[in-house]
Protein chains: 2
Amino acid sequence: MGEFALIEEVRRRCAIARDDVALGIGDDAALLQPRDGEELAVSMDTLVAGVHFPPGTAPFDIGWKALAVNLSDLAAMGAEPAWAMLALTLPSIDADWLAGFCDGFGALAREHRVALVGGDTTRGPLAITVTVHGFVPRGAALRRDGARAGDRIFVSGHPGDAAAGLACVLGATLPRAPSGDDREYLLQRLNRPVPRVSLGLALRGIAGAAIDVSDGLSQDLGHIGARSGLGAILRADRLPVSAPLARVGDVEQLLRWQLAGGDDYELCCAVPPERIAQARAAADRCGIAFTEIGTFDHGSGVRVVAADGSEIAAPRGGWEHFAA
Amino acid sequence: MGEFALIEEVRRRCAIARDDVALGIGDDAALLQPRDGEELAVSMDTLVAGVHFPPGTAPFDIGWKALAVNLSDLAAMGAEPAWAMLALTLPSIDADWLAGFCDGFGALAREHRVALVGGDTTRGPLAITVTVHGFVPRGAALRRDGARAGDRIFVSGHPGDAAAGLACVLGATLPRAPSGDDREYLLQRLNRPVPRVSLGLALRGIAGAAIDVSDGLSQDLGHIGARSGLGAILRADRLPVSAPLARVGDVEQLLRWQLAGGDDYELCCAVPPERIAQARAAADRCGIAFTEIGTFDHGSGVRVVAADGSEIAAPRGGWEHFAA
């Protein structure tokens, strides 16, 4: 299979028709028709083999995740996904691998009606870069800088699951050995993150700020705080924990996974007190767990406290690619 | 320097203000304002170290080229560049390297008023993926499928220079050893391709089809033919040759560089006979060499012929990443 056959295969397996694509894969550039009067939200994320996914990860999961991490960014802006570009760097062409990758990418793309409109294929160490585009009415995006003192901090889903899944893959010793089902659940959470697109859309006009939790809840929450000029107080006892995660972790390890684990792709939001009921109702309609875990306040930094208000020495930092 | 300092450094060195950027680097996604009623042209290209540029290439040149190859795609559509996203994968952070890279990227970005609005930085084998966005009035883009039988084939600049430059870098024996100045010229053509943006814009409404010549003139010309349902007849004696290239090549090697060399980033166009004068005038205004090199005709494939019409066994194929 040569480069052109490869491109044709990707097109065939990932094709989704949209009226706003005037010209898709196959020319020097795609020609797209943005919505008049709306803003275009654009995000780009790279996955590198051995850095963002362990060796041996199934190609379906790599394809899924490459799109999911990007859609998660659009979700955090409250944008409606529309188009994707895919840059695929492969050491060699393996038809089975490619079919699996496209099936994973395509499955999630179809779910969100995202058209793959172009990209590039190159030879080199395995890496995938995706650029996604979505629509959001002018001024309606959920930015990081819109939190106000007194806003409550909410998080979707169950941060920490993916980090425990990674520990399973890497053969780390967990505080308690997982059952087969629990292991399966945690791996699924690592390999098939579900971008919270519907929740992001539902929170437009309700949440004051949002971010997607990809590098660890504590660090990402800190970004909202920094951009909004606020500090954050996080209640450790209120952090949502999935039943499988609770079964494999002890208190200390749980907190580390929940606060600094990375790879969660949940949404963390600032919700003004008067809109909490609205926010909860929006999350309910989406069928997504949505938990109040703290408060934004004047100051700076993220403080983690117990139920009685006493500060907890929480795991600092999060996933930073060049920190190691 | 950590990941956040790196992002700040890139932003500082590549910042360009545009009114249509509502939110640039620093949130989950950029927020952009496309032009109402115009189409958005989007292209994405990856450069991998050791594949798209030889080891030892100056970081300035890598930064320049990473943007140039993308702008060349917009030029080939007749689109006006606006925004770029940059995914930078680095084995480690080297502040000097990064400064050079950003200076090269930024120099070309400023020339074309392209705002860097987002991207990603990751750790891994050196690779750069850029996504560019440009504007084109609806229906005005120069596509590959718009050539008609009888259209003349034009090419900008002097294809083959970059391939000879690469031969110099790789230490290949050239038919004739280059002078210092000629070597310098050929290396410049390899490392600092000049995207033909002004020419692409000037040819809107004049050329029927266009492509950017990145993988070898013969192969890329063949793409216009294939998409337009036509064959192409290329006059070998009419191929433009730069004086330095003429001095280092013999007849056979010249033809190989010109037809199958790759890395030219020139525009190859189909021009209807009645618009040839207009096309030439447009290229003159841009100060870009623009040479008639053949004709599109019924049939398929690319035939290379001599002045007397006899067919020449020309070098087939071009740069295909997975062909080797």
Side-chain angles (χ1 to χ4, degrees), chain A residues 1-4 6 22-23 26-34 36-37 39-46 48-52 73-74 76-77 79 83 85-87 89 92-93 117-125 127 129 131 133-134 136 138 141 143-144 210-212 227 320-323, chain B residues 1-4 6 22-23 26-34 36-37 39-46 48-52 73-74 76-77 79 83 85-87 89 92-93 117-125 127 129 131 133-134 136 138 141 143-144 210-212 227 320-323:
Chain A
M1 191 187 288
E3 187 179 3
F4 303 117
L6 187 160
L23 184 64
D27 212 301
D28 292 293
L31 293 174
L32 309 171
Q33 295 169 336
D36 282 0
E39 286 179 338
L40 193 67
V42 186
S43 186
M44 182 187 218
D45 272 310
T46 298
V48 178
V51 177
H52 299 90
D73 284 318
L74 292 187
M77 300 302 285
W83 314 304
M85 306 280 289
L86 167 66
T89 300
S92 63
I93 296 182
V117 295
D120 194 15
T121 56
T122 52
R123 180 169 228 161
T129 298
T131 304
H133 301 78
V136 61
R138 283 199 187 175
R143 301 164 54 137
R144 295 181 181 178
I211 192 170
D212 91 309
R227 294 290 293 251
E320 200 184 342
H321 291 111
F322 293 97
Chain B
M1 193 188 288
E3 187 178 4
F4 303 118
L6 187 160
L23 184 64
D27 211 301
D28 292 293
L31 293 174
L32 308 171
Q33 295 169 337
D36 283 359
E39 286 178 339
L40 193 67
V42 186
S43 186
M44 182 187 218
D45 270 310
T46 298
V48 177
V51 177
H52 300 89
D73 284 319
L74 292 187
M77 300 303 285
W83 313 305
M85 305 280 288
L86 167 65
T89 301
S92 63
I93 295 182
V117 295
D120 194 16
T121 57
T122 51
R123 180 170 227 160
T129 298
T131 304
H133 302 77
V136 61
R138 282 198 189 175
R143 300 163 55 137
R144 296 181 180 178
I211 191 169
D212 91 310
R227 293 290 292 250
E320 201 185 340
H321 292 113
F322 293 98

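Letters A, B, ... are given to chains in the order of the sequence lines, protein chains preceding strands, and every chain is numbered from 1.
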Shortest non-hydrogen separation from D45(B) to D120(A) and the atoms involved: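 Answer, listing the atom of D45(B) first, then D120(A): OD1-OD2, 3.3 Å.
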Walk me through whether M85(A) and M85(B) qualify under side chain to side chain contact (heavy atoms under 4.5 Å, CB included). CA-CA 12 Å; M85(A) 306 280 289; M85(B) 305 280 288; over 6 Å; no
Which one, A210(A), A22(A), G26(A), A49(A), leads in non-hydrogen pairs under 4.5 Å with chain B?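 When all of A210(A), A22(A), G26(A), A49(A) are compared, G26(A) has the most.
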Which one wins on heavy-atom pair count under 4.5 Å against chain B: A127(A), G134(A), S43(A)?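 Greatest number of close heavy-atom pairs with chain B: S43(A).
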So do the side chains of [X] and [Y] get within less than 4.5 Å of each other, counting heavy atoms only?
X       : Y      : result
L40(A)  : L40(B) : yes
M77(A)  : L23(B) : yes
R123(A) : V48(B) : no

With chain A as the partner, which of L32(B), T129(B), D27(B) has the greatest number of non-hydrogen pairs under 4.5 Å?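 Most heavy-atom pairs within the cutoff with chain A belong to D27(B).
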Considering only heavy atoms and a distance below 4.5 Å, find which of A141(B), A87(B), G118(B) pairs most often with chain A. A87(B)
Please identify which of these residues, R227(A), R144(A), R143(A), meets the salt bridge (Lys or Arg N to Asp or Glu O under 4.0 Å) condition with D28(B). R144(A)
If I measure from the heavy atoms of chain A, does V136(B) come under 4.5 Å with its side chain, its backbone, both, or neither?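 Contact with chain A: side chain only.
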Under 4.5 Å from a heavy atom of chain A, the part of L86(B) involved: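 For L86(B), backbone heavy atoms alone lie under 4.5 Å from chain A.
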Rounded to the nearest 0.5 Å, the NE2 atom of H52(A) sits from the OG1 atom of T122(B) at a distance of 5.5 Å
Side-chain donor or acceptor of D36(A) paired with backbone N/O of G37(B) under 3.5 Å: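 Side chain of D36(A) to backbone of G37(B): a pair is present.
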